[in-house]
Amino acid sequence: MRFKFSIFALLLQVAIIILFGIFVEYKTGSQSEILHPPRFAPFVVTVYTDSFLLSVFQDVHVMIFVGFGFLMTFLKKYGFSSVGINMLIAAFGLQWGTLMQGFWHMADGKIRVDINSMINADFSTATALISFGAVLGKTSPVQMLILTILEITIFACNEHLVTEIFQATDVGASMTIHAFGAYFGLAVSLVLYRPGLKNKHENEESTYHSDLFAMIGTLFLWIFWPSFNSAIAHDNRPKAIINTYCSLAASTVVTFALSSLVDQRGKFSMVLVQNATLAGGVAVGTCADLLNHPFAAMCIGAIAGIISVLGFHFLTPVLASKLNIHDTCGVHNLHGLPGVLGGIAGIVVTAIQRTNGALHTPGMQAAALGSTIGIALAGGALTGAILKLPFLGQASDKNCFDDSIYWEVPEEEKLHVVHSNNYDEQSRFEATM
Amino acid sequence: MRFKFSIFALLLQVAIIILFGIFVEYKTGSQSEILHPPRFAPFVVTVYTDSFLLSVFQDVHVMIFVGFGFLMTFLKKYGFSSVGINMLIAAFGLQWGTLMQGFWHMADGKIRVDINSMINADFSTATALISFGAVLGKTSPVQMLILTILEITIFACNEHLVTEIFQATDVGASMTIHAFGAYFGLAVSLVLYRPGLKNKHENEESTYHSDLFAMIGTLFLWIFWPSFNSAIAHDNRPKAIINTYCSLAASTVVTFALSSLVDQRGKFSMVLVQNATLAGGVAVGTCADLLNHPFAAMCIGAIAGIISVLGFHFLTPVLASKLNIHDTCGVHNLHGLPGVLGGIAGIVVTAIQRTNGALHTPGMQAAALGSTIGIALAGGALTGAILKLPFLGQASDKNCFDDSIYWEVPEEEKLHVVHSNNYDEQSRFEATM
Amino acid sequence: MRFKFSIFALLLQVAIIILFGIFVEYKTGSQSEILHPPRFAPFVVTVYTDSFLLSVFQDVHVMIFVGFGFLMTFLKKYGFSSVGINMLIAAFGLQWGTLMQGFWHMADGKIRVDINSMINADFSTATALISFGAVLGKTSPVQMLILTILEITIFACNEHLVTEIFQATDVGASMTIHAFGAYFGLAVSLVLYRPGLKNKHENEESTYHSDLFAMIGTLFLWIFWPSFNSAIAHDNRPKAIINTYCSLAASTVVTFALSSLVDQRGKFSMVLVQNATLAGGVAVGTCADLLNHPFAAMCIGAIAGIISVLGFHFLTPVLASKLNIHDTCGVHNLHGLPGVLGGIAGIVVTAIQRTNGALHTPGMQAAALGSTIGIALAGGALTGAILKLPFLGQASDKNCFDDSIYWEVPEEEKLHVVHSNNYDEQSRFEATM
């Protein structure tokens with residue numbers, strides 16, 4: 001992969017720099033940042049926007065790079081790739097996302113960037129990172145760069161369709177990011193299906209410390225989800241924050257309860273704690289700023305926890321064995337099902353609140369959910385077909401879920417021998433020779 | 001524990017959702033967020049509050065979930081429980097705390113929640129997490145849920161007593177959270193005393209990497225403590241931030257100095273660096289917004305570092321051997337003694353500043369400190385007695401400090417064997433057979 | 001070291017408390033926080049400043065304590081010292097930095113502190129932490145305290161020279177912090193050169209998990225760098241944020257590409273991913289708020305990634321073998337070369353923009369860069385000579401890169417034996433005896 005990856009990545013970066021040179025400018029002037037002209041004087045709002053947005057941007061940035069990156073480090077021999085390739089995808093993707101989202105909102109032939117567009121670019125990378133979870137351990141870095149290009153491009157089109165054409169609401173992106181990323185990734189995984197991995201690969205398991213590293217990712221995602229869901233909620237920011245907080249708390253308690261319930265010995269499972277606890281954040285996304293009662297957010301979170309746990313326990317094995325869809329991180333249970341639940345909650349809430357104003361209608365919400373899943377599946381299948389092109393190269397089944405094929409890995413064997421010099425058994429050992 | 005825990009946790013979550021449905025509403029309208037009516041126009045202050053409070057809330061959230069969670073991962077075989085059950089307690093506790101604190105401040109029979117009440121709910125969970133540290137490794141998840149319910153309920157009553165009845169100041173909660181949580185936990189630990197653990201349990205020790213995981217917790221607590229201590233300091237926010245910063249810096253340098261001094265070979269101890277460095281944040285809490293000189297904050301921090309190190313070195317072993325109080329994480333030295341120091345500092349500072357205004361008096365501060373410790377000890381003893389009820393079940397002494405009783409734990413033995421195939425000694429090994 | 005370190009550290013802390021008592025006061029009154037008097041009413045700006053600055057301060061605080069601390073944990077046996085001594089240096093250094101920077105800006109014989117001065121104090125510690133990276137594993141805690149005192153003192157003088165005398169711009173401190181810290185550290189390393197370490201020390205390597213711990217540091221530095229580079233950028237804050245974001249993204253993609261390209265088997269290197277990905281943040285620092293096109297920031301980031309990777313791959317081995325400069329963390333490639341690149345970019349940008357206003361001139365920028373490197377090298381050489389004084393003591397070559405000389409380290413040998421009781425091979429093992 002020496003030249004293939006390097007030259008491809010360098011060419012992409014050069015192309016992006018040229019495109020930025022041609023199209024991208026700073027958004028200037030305070031008028032661009034006025035959010036509430038009727039209620040506030042402009043200068044006050046500028047202040048608000050700058051300070052609030054930087055804080056929210058940094059929170060979202062932590063979720064993308066630390067949250068997603070460490071969440072995937074649970075595999076015993078795939079930590080470098082999880083956190084490293086996650087960083088590569090995100091750093092490349094946010095540049096590509098700036099362009100793809102920007103092309104839909106150009107003025108005078110220019111894309112104007114500000115902190116708001118940085119938040120949106122970070123959001124766009126989340127789709128590729130979710131799909132990365134579905135194919136984790138089974139793809140090469142070159143394949144992931146191609147997937148990132150295609151998925152973010154298609155995401156930006158679907159996002160435009162959902163928000164501009166359907167005028168649907170999806171403030172925390174349950175549909176446009178979570179469900180989209182999950183179903184896109186599942187379609188890719190289906191097309192790239194490897195019969196040789198049908199039986200559990202020996203590397204596809206965690207160690208004690210890899211599970212703790214993964215909890216770093218889980219917790220930073222969990223903690224900053226209120227910022228994520230409120231980032232683009234203009235008028236109802238505090239409501240979106242409170243609802244996300246309530247939903248996550250409920251899904252966490254429910255996840256622990258069901259994790260114990262579905263296990264024969266009643267033990268908790270780290271896979272469930274790492275993932276299903278977050279389902280509440282996904283599912284409350286679409287209507288985080290619309291709900292009128294905190295307990296409604298808790299109900300959504302509790303249901304999300306239930307379906308996520310049941311999905312991991314019952315559905316994932318079936319998908320793999322019957323439908324040939326191998327989902328390494330279980331993104332279907334964390335992002336797919338809860339994302340669909342979020343979309344349905346959005347339909348219900350807009351139906352209930354139809355009377356007042358009716359900017360968003362249940363019909364359009366349903367169209368948004370349907371189009372998102374359809375475009376994700378079709379886009380993922382297309383992307384999978386492209387990734388299968390033979391000249392791209394792929395690791396053999398045997399080398400899956402193993403960093404050492406793409407990374408220089410410390411020779412811990414040596415380390416072990418050095419350490420062993422102090423071990424009692426070592427001396428006893430040498431005595432046997 | 002399969003059904004006992006699951007059904008109890010589900011029932012609690014359902015009950016909470018119902019209570020939220022009946023009592024909890026969003027706090028709406030900008031007037032609720034006006035903090036400084038005399039000085040600022042309302043709309044400006046709304047801006048300030050929203051943006052500032054979200055930032056502070058997210059910082060406190062990191063402390064509760066990452067800070068407390070990882071701080072307790074130092075035990076070699078108890079990392080899943082430390083970070084996992086910490087998450088469960090916090091996610092459940094913040095819902096319960098919203099209700100318990102809210103019942104003292106209802107209007108028209110409703111609890112109105114906003115970002116401010118979320119910060120306070122997070123705060124209330126800290127008491128249960130501190131007590132968790134005292135009994136870490138010796139209790140079951142069911143016991144911890146019961147402890148959380150009881151402790152947060154009693155905490156909310158004591159907080160009301162301290163702030164409303166005594167009109168005492170405790171902006172960073174040295175007394176109401178830190179001392180309360182510590183003495184509550186110590187009383188529970190005393191009642192649950194297990195003679196079988198008198199001699200050090202073989203699992204009650206750290207490994208090299210578990211100590212590094214614990215430093216993640218330490219550092220995020222240390223870093224965000226200025227936000228914690230200033231979260232509810234209205235007029236003197238910058239002062240509370242600066243004083244906390246100064247106090248923590250001083251306690252850190254003093255901790256390193258004393259850690260080396262009390263060790264016979266002059267070596268640093270990770271236990272002390274993980275814990276005593278934080279004592280300055282605890283101790284400066286009560287008067288963080290009242291001190292008039294940064295060097296006073298430094299003195300408080302330095303003294304806190306000294307008593308915390310001496311507590312770990314001399315007092316904890318005595319408590320365990322003479323008083324049958326086994327304190328797994330040494331919360332008495334991090335939260336108990338420095339919390340009392342903070343309470344005393346509050347008495348001294350209010351005595352010195354008695355002339356100007358006299359909203360807070362040294363007598364009332366002393367009453368607040370005394371009531372807090374008394375209520376914590378009584379509440380903890382009562383809670384311990386309830387947790388001892390036989391049908392709750394408890395791990396045997398042998399299974400203490402071991403995740404595998406409550407968690408599915410990766411089978412690293414297998415991993416080890418797989419790895420060993422590459423080791424030099426393995427080949428030599430096989431040669432001997 | 002028992003008494004030497006303890007008494008020295010305690011004396012320093014006492015001295016600092018006394019100096020704070022004499023010189024340091026809170027900055028009070030809103031007028032101190034007015035940043036934009038012509039455009040905004042004072043009270044608005046106070047709001048802006050407080051809320052924005054606390055958020056930025058906490059971000060920078062994470063970089064200093066978690067970012068720098070964990071970045072250096074990559075060595076297999078030096079994690080306690082990396083994250084622990086990093087914390088000691090930073091906690092001591094921020095107090096010393098408050099004084100040293102404050103002495104240059106006294107009013108009425110007093111140093112007035114606010115959140116702004118806390119950010120600057122945190123910045124000042126970064127120089128000592130960068131130099132710590134150059135000598136990591138080879139110095140004692142006493143030596144590091146002395147280095148911190150001297151380096152921060154000299155840094156404050158150079159900073160005054162650069163910003164006040166030369167009136168040079170260096171908003172993200174490419175020159176005054178990064179290049180300064182790197183060349184200071186390299187000079188110390190040269191003077192402290194140990195021929196016994198010429199051949200690679202057996203402890204000077206990573207393990208799989210130590211490399212993952214280091215990624216925690218990398219990512220938190222990467223994520224919060226926009227806050228770092230914009231912290232003191234008054235009028236052009238959003239621009240500084242956007243440019244840092246773009247530069248880091250470009251340097252990350254380029255680092256992955258070149259990491260694969262320079263490796264014979266095309267594999268990625270964790271050393272490069274941990275470090276060179278950050279070079280874009282360093283290099284864009286000087287002119288982050290001056291650039292007029294995002295693509296210019298990307299070009300700077302891409303070039304920084306290239307020189308950083310090439311530095312690690314080709315230059316570091318030469319420095320060690322030919323010039324006797326052993327640079328443990330490769331700070332020359334992360335902070336030195338990209339810092340100089342940042343200085344040169346500042347010269348070019350001010351030359352191009354010379355016409356408008358001309359507050360900063362290319363000549364003065366060049367003088368700032370030259371003086372910074374010269375003062376850093378001279379100061380580092382002097383500091384190295386002082387650290388060599390025999391009574392300070394130093395670890396023997398054999399004990400370098402090993403925590404156990406300064407820290408109580410868990411006896412994992414014992415742990416290993418306990419664990420082994422469960423291993424298959426252990427039983428087979430015992431069968432052989």
Side-chain angles (χ1 to χ4, degrees), chain A residues 1-3 5-7 9-10 12-13 16-18 20-21 24-27 43-44 47 50-51 54-55 57-58 61-62 65-66 69-70 73 79-80 83-84 87-88 91-92 94-95 113-115 118 141 209 213 216 406-410 412 415 418-419 422-425 428-429 431-432, chain C residues 39-40 44 47-48 51-52 55-56 59 76 202 205-209 211-212 215-216 219-220 222-224 226-227 230 237-239 241-242 245-246 248-250 252-254 256-258 260-261 263 265-270 273 277 293-295 298-299 302 413 416-417 420 426 429 432-433:
Chain A
M1 86 164 181
R2 185 173 182 184
F3 298 105
F5 172 81
S6 306
I7 290 168
L10 285 176
L12 284 175
Q13 187 59 54
I16 284 178
I17 291 179
I18 293 171
F20 264 67
V24 180
E25 285 186 354
Y26 307 107
K27 194 179 255 181
F43 63 90
V44 174
V47 166
D50 274 12
S51 178
L54 177 62
S55 170
F57 160 67
Q58 293 282 205
H61 223 35
V62 171
F65 285 86
V66 170
F70 274 95
T73 58
F80 288 8
V83 79
M87 187 185 189
L88 171 66
F92 168 68
L94 62 87
Q95 300 175 65
V113 294
D114 58 3
I115 298 178
M118 287 161 65
H209 282 162
F213 278 114
I216 297 174
Y406 299 120
W407 294 82
E408 290 178 41
V409 170
E412 300 198 41
L415 166 70
V418 171
H419 270 176
N422 305 316
Y423 295 163
D424 293 351
E425 83 243 52
R428 282 183 288 158
F429 193 19
T432 65
Chain C
R39 288 201 286 159
F40 299 141
V44 174
V47 165
Y48 176 72
S51 178
F52 178 85
S55 169
V56 165
D59 293 350
K76 69 183 183 189
E202 62 165 339
E205 57 184 27
S206 63
T207 63
Y208 195 69
H209 282 162
D211 270 328
L212 281 176
M215 281 304 289
I216 298 173
L219 288 175
F220 278 106
W222 201 96
I223 289 164
F224 289 129
S227 288
S230 68
R237 217 159 241 158
K239 212 194 253 188
I241 292 167
I242 295 167
Y245 179 77
C246 289
L248 281 166
T252 300
V253 175
V254 166
F256 274 87
L258 264 76
S260 171
L261 193 65
D263 185 71
R265 294 152 305 167
K267 294 189 181 185
F268 300 128
S269 151
M270 277 309 264
V273 171
T277 52
H293 298 287
F295 88 92
M298 285 178 160
C299 292
E413 297 86 342
H416 186 86
V417 173
S420 296
Q426 180 67 12
F429 193 20
T432 64
M433 281 179 292

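Here is how names work: the chains are called A, B, and so on, in the same order as the sequence lines, proteins then strands, and each is numbered from 1.
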Using a 4.5 Å cut-off on heavy atoms from C-beta on, say whether the side chain of A:H61 contacts that of C:F224. no
Please determine whether side-chain contact (heavy atoms from CB on, under 4.5 Å) holds for the pair C:L261 and A:F5, giving the CA-CA distance in whole Å, both sets of side-chain angles, and the decisive distance to 0.1 Å. CA-CA 8 Å; C:L261 193 65; A:F5 172 81; over 6 Å; no
Ignoring hydrogens, what is the shortest heavy-atom contact between A:Q95 and C:A250? Give both atom names and the distance. NE2-N, 3.7 Å
Considering all heavy atoms of both residues, which atom of A:P410 and which atom of C:D211 are nearest to each other, and what is their separation? CG-OD2, 3.5 Å
Top residue by heavy-atom pair count (under 4.5 Å) with chain C, among A:V83, A:V62, A:I16, A:L12? A:V62
Which atoms of C:D263 are under 4.5 Å from chain A, going by heavy atoms: the side chain, the backbone, both sets, or neither? both
All side chain to side chain contact (heavy atoms under 4.5 Å, CB included) counterparts of A:I17, not counting sequence neighbours: A:Q13, C:F295, C:M298, C:C299, C:A302
Rounded at 0.5 Å granularity, tell me how far CD1 in C:I242 sits from CD in A:E25. 11.5 Å
One option among C:H293, C:M270, C:M215 has the most heavy-atom pairs under 4.5 Å with chain A, and it is C:M270
If you count heavy-atom pairs under 4.5 Å between each of C:V273, C:V253, C:V56 and chain A, which one has the most? C:V253
Please report the shortest heavy-atom distance between C:R265 and A:E408, naming the atom on each side. NH2-CG, 3.7 Å
Note: C:L212 and A:F70 closest approach over all heavy atoms is O-CZ, 3.8 Å
Going by the angle between their ring planes, with limits at 30° and 60°, are A:F57 and C:Y245 parallel, tilted or perpendicular? perpendicular
Determine the interplanar angle of the C:F256 and A:W407 rings, folded into 0 to 90°, and report it as parallel if under 30°, tilted if 30 to 60°, perpendicular if over 60°. perpendicular
How close do C:F268 and A:P141 get, counting heavy atoms only, and between which atoms? CE1-CG, 3.6 Å
Can you name the nearest heavy-atom pair linking A:Y26 to C:P294, along with the distance? OH-N, 3.4 Å
Here the gap from A:M87 atom CE to C:T252 atom OG1, rounded to the nearest 0.5 Å, amounts to 4.5 Å
Side chain to side chain contact (heavy atoms under 4.5 Å, CB included) partners of C:A257, counting only residues at least two apart: A:A9, A:L10
Checked A:L88, A:V24, A:I216 vs chain C; the most non-hydrogen pairs under 4.5 Å come from A:L88
What is the distance from atom CZ of A:F65 to atom CG of C:L248, rounded to the nearest 0.5 Å? 9.0 Å
May I ask you to decide if the ring planes of C:H209 and A:F213 are parallel, tilted or perpendicular, using 30° and 60° as cut-offs? tilted
Using side-chain heavy atoms (C-beta onward) and a distance below 4.5 Å, is A:M118 in contact with C:I241? yes
Before giving the answer on side-chain contact (heavy atoms from CB on, under 4.5 Å), spell out for C:R237 and A:L54 the whole-Å C-alpha distance, their side-chain angles and the decisive distance to 0.1 Å. CA-CA 10 Å; C:R237 217 159 241 158; A:L54 177 62; 5.8 Å; no
